[in-house]
Asker: 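Provided herewith is a single structure, encoded as structure tokens, for subsequent inquiry.
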Amino acid sequence: MTTAKTNGLSKAYEFSDVESKWLDRWSEAKSFQGVMEDGKDSFSIVIPPPNVTGVLHVGHALNNTMQDVLVRYHRMRGDNTLWVPGTDHAGIATQNVVERQLATEGKSRHDVGRDAFIEKVWEWRKEKGGTIIKQLKRLGASCDWERERFTMDEGLSTAVREVFVRLYKEGLIYKGDYIVNWCPRCHTALADDEVEHEDTKGKLYHLRYPFADGSGHVVVATTRPETMLGDTGVAVHPDDERYSHLADVGIKLPLTDRTIPVVFDHHVEKDFGTGALKVTPSHDRDDYEIGMRHNLELCKVMDDSGVMNEAAGTYAGLDRFDCRRKIVADLEEQGFLVKIEDYDHAVGQCYRCATVVEPTTSLQWFVSVRPLADKAVDAVKEGRINIYPKNWYNTFYSWMDNIRDWCISRQIWWGHRIPAWNCDDCGELIVESDDPTSCPKCGSEKLAQESDVLDTWFSSALWPFSTMGWPEDTKELATFYPTSVLITSFDILFFWVARMMMMGIHFMDEVPFKDVYLHALVRDKHGKKMSKSTGNVIDPLEVMDQYGTDAMRFTLTAFAAQGREIKLDEERIEGYRYFINKIWNAARFALMHVDDCDESVRDAVRDPAALPLVHRWILSRTATTVSEVRTSLDEYHFNETASSLYQFVWHEFCDWYLEWIKSDLFSKDETVRDHARGVLLTVLETILKLLHPVTPFVTEEIWSVLPGEREMLVTSDYPEVEESWRDEEAENAIAILMGVITGIRNIRSEADVHPSATIEAVVLCADPHKAELIRNYQPALTEMTRLSALTVETEGDKPADAGVYIFGDIEIYVPLKGLVDVAREGAKLAREKKKVEDKLRQVNGKLGNEKFLANAPDAVVAKEKAKKDELDATFTKIEEAEARLKELG
RNA sequence: GGGCGGUUAGCUCAGCUGGGAGAGCAUCGGCCUUACAAGCCGAGGGUCACAGGUUCAAGCCCUGUACCGCCCACCA
């Protein structure tokens, strides 16, 4: 690759140096600093805090690109703009990382002790925890980096305590012994939504449970036979006549010496299996609820690690899965096993470590979410929060309707320790934001703080206001809360988004964000989830290395259509890299001509109507593009933003406008040249501004070498729609001229006329205005089609020995002097004729339909009539051309 | 079991309020035309999953079917 330079810009865009240069400059200039000026609109976003253990994956890249596009857009619009960055302490995930590190030294966290372990986590964070932040910076994320927050920071920890204590005192936090999801590997409770259900090929074991009086038996089915040791009842449906006589007869539980009762509960499905259900209240959520309804005993048969305990009798000490095998063998030996069926069912797994979750009763802390959830639902129903795309409303409501109390305590060490103390002497439970020194009830000083920490999502639920200084009244909160929009992945709608709504509304009395944009997951090009084991992971860091950050950002923006999974194809990234390069080269070309311009060159656009058509045309197209881009950004239609920009820059500005004005730029007529230079510079500047939010690096670089003194692009102004640039007349006229050019090129190409061969063309057009228009543009037209001459007539001979191109009332002939390939030309005409015929059939169908004429709006009818006239004209001319061709053949 | 989404060119996808089916890549042909071969010019390619319905008019609205995907859920 050559690196020849033109006017200081290398021939191909070399992103690497450019990117690091601007990252430094933006940082030095504090370009991303949050602004709080009176009388301005505010635009604020809080980043979905990535886990402090995280490394940038393509989902982060998408998420943060979208946020950055909006933030840069609003900053340029002059709003008070703030993007708050930060990371999440990610309780279990981070603890796991440090535990693994310890394990390499052959130690467990218990070997080092709680305080020392936490110290180690902080050390780890200091050394390695900045990775994802560095990577976000490299992405170009224009966060106010001086405001970086961490969910374990002092300020945020204060907010967490304050919230906990207030909720407790309002009776919305309680402690109790309930069934929870337990991870035997992480040794902690998990919230319902931290359990992932995986379809698993398992077995359904049918077990024979004899009646205590020896009069018979009932068959129950289970997927987890080891839990039978904890059975404290058998449940049947109250209306099930098969079992109505069992009310007073107990069941003799196999392998034990216990007798358990039969209870009648509507939850039991009569038609499933035998209609009898073994009830293990300590190890199954449904069974727990049945047990509560019928006062069944709790019998816990496993410990915190999933190992059978003393209640399991001779099975004590066995791991739960080993126990399962042993139990099945023993049941079979003793004749209690009826049959084993293959059975596919969902098995709950820990979302962090994929260990099979064990439902267990345990003493935990809970938030009563119903009252909080109701307020969140109201906010959404009343439109105080809008959700995009809107198909998420149903899902949101149904989840909120079925929400259960939130288990917030975790039996791990890394996190916000629950601000509750137990008095050793009187047993009083003390909940205070400041550490108490003595028991308010008995005065004892023997107080022990709860060992549990809070669910990570508890602190992230406060993120929109805790990062702005709550519980203090801060200027940040006054200026930026509620935030403008939350952009996040749909898979944490409930983990996080819903909980921020609940907490924000409860504590701030105002929603935490006005809009929620939920984007899709990024998948590979076949729609498969990216995973290391499949080997289909696209690493954004490698992508940035290979194609440049702007190319990746543009690609992600182009893919970000609402409501669809994103299938990312690496070839597309390559395609958009070419686009970045195209911008670069267009700028190089422009610079060759505007390099030495002074301010006055822009005067050309002050009176657009006075300019030649092609300049009026590009200004009009620019105005349209500005409008499209602004609208699509305002509506979060990121893909449309990308496509408007791509289409306009490449196919209108580069392919047509630059080609068209080349002769003007080399003109000896100073006015002609200055018009071209002024419009060229103006449009280029507009393009750079429009593109900047999506492709900040290349645009800033080009901007910096444009003539004149200028501030950095990042903090310049975003283009407004210039209504005075809109020009329908120019657009129509240029469309005709483009048609002529395309026609001539088509004939040349179809007839295999070498591009350098000089030939002539004749345009026949009965309409004198159009003819005049085309005649006026002869120089540009011949230049762009490489003709030696172009003649325009309102009437004249139609040569047979010529290539022909017809559109509407315009006919183009390129005399070929015996070079016409009759067969090929005939085929082309036939093809065109068929197209026109098909369209005519449609139009005539409509216009021949009285109901259409009666019902369709006048404008639509008029349009159809105009279409018919044009098609008729084209059709006639094609037939004439066919006739002439026949003479020739 | 409930809910949501998808099915449009060979591939990946747009198509916002119903009014002449689009893009990128890929394909074919021709060009190193002085910004760009990471480029330029030209061309081909569609029964908009299927079946009904509403409408003057349907890729778009309604009903149903098929297949694919995701989410939620207490049939053990």
Side-chain angles (χ1 to χ4, degrees), chain A residues 1 6-7 9 11-13 193 197 204 220-224 235 267-273 276-280 284-290 343 345-346 389 391-392 394-395 398-399 402 490-491 493-494 520-521 525-527 558-559 561-569 571-572 574-592 631-632 635 637 639-640 643 646-647 651 654-655 658-659 662 742 745-750 752-756 783-786 828 831 839 842-843 845-846 849-857 859-861 863-864 867:
Chain A
M1 178 66 60
T6 310
N7 294 67
L9 296 189
K11 190 172 176 186
Y13 175 53
D193 50 17
H197 295 272
L204 188 61
V220 297
T222 180
T223 55
R224 297 187 299 151
H267 167 74
V268 179
E269 296 284 331
K270 279 196 288 187
D271 300 330
F272 187 86
L277 170 68
K278 66 188 271 302
V279 183
T280 323
D284 186 280
R285 183 182 295 279
D286 300 332
D287 291 6
Y288 177 81
E289 281 164 15
I290 294 172
Y343 191 69
H345 62 129
N391 50 291
W392 284 101
N394 280 338
T395 313
S398 75
W399 191 81
N402 298 318
F490 71 83
D491 54 344
L493 176 59
F494 305 122
L521 295 178
K525 67 174 168 181
H526 304 294
F559 267 99
Q562 285 190 15
R564 249 216 215 232
E565 61 187 17
I566 295 170
K567 291 189 213 165
L568 186 59
D569 184 348
E571 279 181 22
R572 286 284 293 267
E574 191 177 14
Y576 288 120
R577 175 173 60 137
Y578 299 163
F579 176 60
I580 304 298
N581 195 55
K582 187 76 180 176
I583 299 165
W584 181 256
N585 276 295
R588 281 178 67 222
F589 173 74
L591 263 180
M592 290 166 59
T631 304
S632 57
E635 294 172 347
H637 289 150
N639 59 316
E640 291 173 15
S643 114
Y646 187 96
Q647 195 62 30
H651 298 305
C654 292
D655 286 352
L658 292 185
E659 294 303 323
K662 272 180 180 171
T742 302
R745 285 172 175 170
N746 174 280
I747 295 169
R748 293 191 71 123
S749 184
E750 295 275 326
D752 282 341
V753 178
H754 194 274
S756 60
E783 177 101 13
M784 291 170 77
T785 51
R786 300 185 138 209
K828 186 179 103 181
R831 216 163 49 221
K839 287 183 183 171
Q842 273 185 19
V843 174
K846 282 189 182 178
N849 183 339
E850 282 176 26
K851 288 181 178 172
F852 172 76
L853 297 175
N855 292 317
V860 173
V861 176
K863 204 170 154 192
E864 290 295 317
K867 197 196 297 178

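In what follows, every chain begins at residue 1, and chains take the letters A, B, ... in the order their sequences are listed.
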Asker: Rounded to the nearest 0.5 Å, what separates atom CG in A/Asn855 from atom CG in A/Asn849?
Answerer: 8.5 Å
Asker: Which distance, rounded to the nearest 0.5 Å, do you find between the NZ of A/Lys828 and the CG of A/Asn746?
Answerer: 4.5 Å
Asker: Taking CD1 from A/Ile580 and C1' from B/G24, how many angstroms apart are they, rounded to a whole number?
Answerer: 15 Å
Asker: Can you check the distance between B/C62 and B/G3, where both ends of the measurement are the P atom (answer in whole Å)?
Answerer: 16 Å
Asker: What interatomic distance, in whole Å, is found between C1' of B/A38 and the corresponding atom of B/A51?
Answerer: 48 Å
Asker: Is the phosphate of B/A14, meaning OP1 or OP2, less than 4.0 Å from a side-chain N or O of A/Asn639?
Answerer: no
Asker: Round to a whole Å and report the spacing from CD1 of A/Ile747 to C1' of B/C41.
Answerer: 14 Å
Asker: Show the nearest heavy-atom pair for residues A/Asn639 and A/Ala558, with the distance to one decimal.
Answerer: CB-O, 3.3 Å
Asker: If you round to the nearest 0.5 Å, how far is CZ of A/Arg588 from OH of A/Tyr13?
Answerer: 14.5 Å
Asker: Does A/His651 put a side-chain nitrogen or oxygen below 4.0 Å from OP1 or OP2 of B/A23?
Answerer: no
Asker: Under the rule for ring-ring contact (aromatic ring centres under 6.0 Å, His included), what residues qualify as partners of A/Tyr646, not counting sequence neighbours?
Answerer: A/Tyr576, A/Phe579, A/Trp650
Asker: Whole-Å distance between B/A14 P and A/Phe559 CZ?
Answerer: 9 Å
Asker: For the atom pair CG (A/Asn585) and CD1 (A/Ile580), what is the distance rounded to the nearest 0.5 Å?
Answerer: 12.0 Å
Asker: Could you list all N or O pairs between the protein and nucleotides 16-20 of chain B that sit under 3.5 Å apart?
Answerer:
none

Asker: How far does the P atom of B/G64 sit from the matching atom of B/U12, given to the nearest Å?
Answerer: 29 Å
Asker: Across nucleotides 71-76 of chain B, 5' to 3', mark each nucleotide with B, S or - according to how protein heavy atoms within less than 4.0 Å reach it.
Answerer: ---BBB
Asker: Taking only the C1' atom of each, what is the distance from B/G45 to B/A23 in whole angstrom?
Answerer: 14 Å
Asker: For A/Lys867, does the NZ atom have more than 12 heavy-atom neighbours from other residues, nucleotides or ligands under 6.0 Å away?
Answerer: yes
Asker: Which pair of non-hydrogen atoms, one from A/Leu853 and one from A/Val861, has the smallest distance, and what is that distance?
Answerer: CD2-CG1, 3.9 Å
Asker: Name the residue closer to the 5' end of RNA chain B, choosing between A/Tyr646 and A/Lys662 according to the nucleotide with the nearest heavy atom.
Answerer: A/Tyr646
Asker: Hey, does A/Glu850 reach any base, or is it just sugar-phosphate, or nothing, if we go heavy atoms under 4.0 Å?
Answerer: nothing
Asker: Distance between the P atoms of B/G18 and B/G29, in whole angstroms?
Answerer: 44 Å
Asker: Would you name the heavy atoms of A/Ser756 and A/Arg748 that are closest together and state the gap between them?
Answerer: N-NH2, 4.4 Å
Asker: Would you say that more than 12 heavy atoms from the other residues, nucleotides or ligands in this model lie under 6.0 Å from the CD of A/Glu289, or not?
Answerer: yes
Asker: Please state whether the phosphate of B/A43, meaning OP1 or OP2, lies under 4.0 angstrom from any side-chain nitrogen or oxygen of A/Asn746.
Answerer: yes
Asker: Using the C1' atom in both, what is the distance from B/U7 to B/C48, to the nearest Å?
Answerer: 10 Å
Asker: If you measure from OG1 on A/Thr395 to CZ on A/Phe490, what distance do you get to the nearest 0.5 Å?
Answerer: 10.0 Å
Asker: For the pair made of NZ in A/Lys582 and C1' in B/A37, what is the distance, rounded to whole Å?
Answerer: 11 Å
Asker: B/U63 and B/G5: how far apart are their P atoms, nearest whole angstrom?
Answerer: 12 Å
Asker: Output the pairing pattern of RNA chain B as a dot-bracket string, 5' first, Watson-Crick or G-U wobble with both distances under 3.5 Å, | for cross-strand pairs, [ ] for crossing pairs.
Answerer: (((((((..((((.....[..)))).(((((.......))))).....(((((..]....))))))))))))....
Asker: For A/Asn585 and B/A37, what is the distance between atoms CG and P respectively, to the nearest whole Å?
Answerer: 7 Å
Asker: Looking at every heavy atom in both A/Ala12 and A/Asn581, which two are closest together, and how far apart are they?
Answerer: CA-OD1, 3.7 Å
Asker: Considering all heavy atoms of both residues, which atom of A/Val860 and which atom of A/Phe852 are nearest to each other, and what is their separation?
Answerer: CG1-CZ, 4.0 Å
Asker: Calculate the interatomic distance between A/Tyr578 atom OH and B/G39 atom C1'; express it in whole Å.
Answerer: 11 Å
Asker: Considering every strand and a 4.0 Å limit on heavy-atom distances, what is the contact class for A/Asp287: base, sugar-phosphate, or nothing?
Answerer: nothing
Asker: Which value, in whole Å, describes the distance between the P atoms of nucleotides B/A9 and B/G22?
Answerer: 14 Å
Asker: Can you list the residues that meet the side-chain contact (heavy atoms from CB on, under 4.5 Å) rule with A/Glu269, with sequence neighbours excluded?
Answerer: A/Phe272
Asker: Quick one: CZ on A/Arg786 to CZ on A/Arg745, what's the gap to the nearest 0.5 Å?
Answerer: 11.0 Å
Asker: For A/Phe589 and for A/Arg745, find the nucleotide of RNA chain B with the closest heavy atom, then tell me which residue's nucleotide is more 5'.
Answerer: A/Phe589
Asker: Using a cut-off of less than 4.0 Å, is there contact between a side-chain N or O of A/Lys828 and OP1 or OP2 of B/G42?
Answerer: no
Asker: When the distance from CG of A/Asn849 to P of B/A57 is rounded to whole Å, what number comes out?
Answerer: 7 Å
Asker: Provide a list of protein-nucleic acid N or O atom pairs under 3.5 angstrom, restricted to nucleotides 27-33 of chain B.
Answerer:
residue: B/U33; atom: O4'; partner: A/Arg786; partner atom: NH2; Å: 2.6

Asker: Distance check needed: B/C41 P versus A/Leu658 CG, whole Å only.
Answerer: 12 Å
Asker: Below 4.0 angstrom, N of the basic side chain to O of the carboxylate: do A/Asp287 and A/Lys278 qualify?
Answerer: no
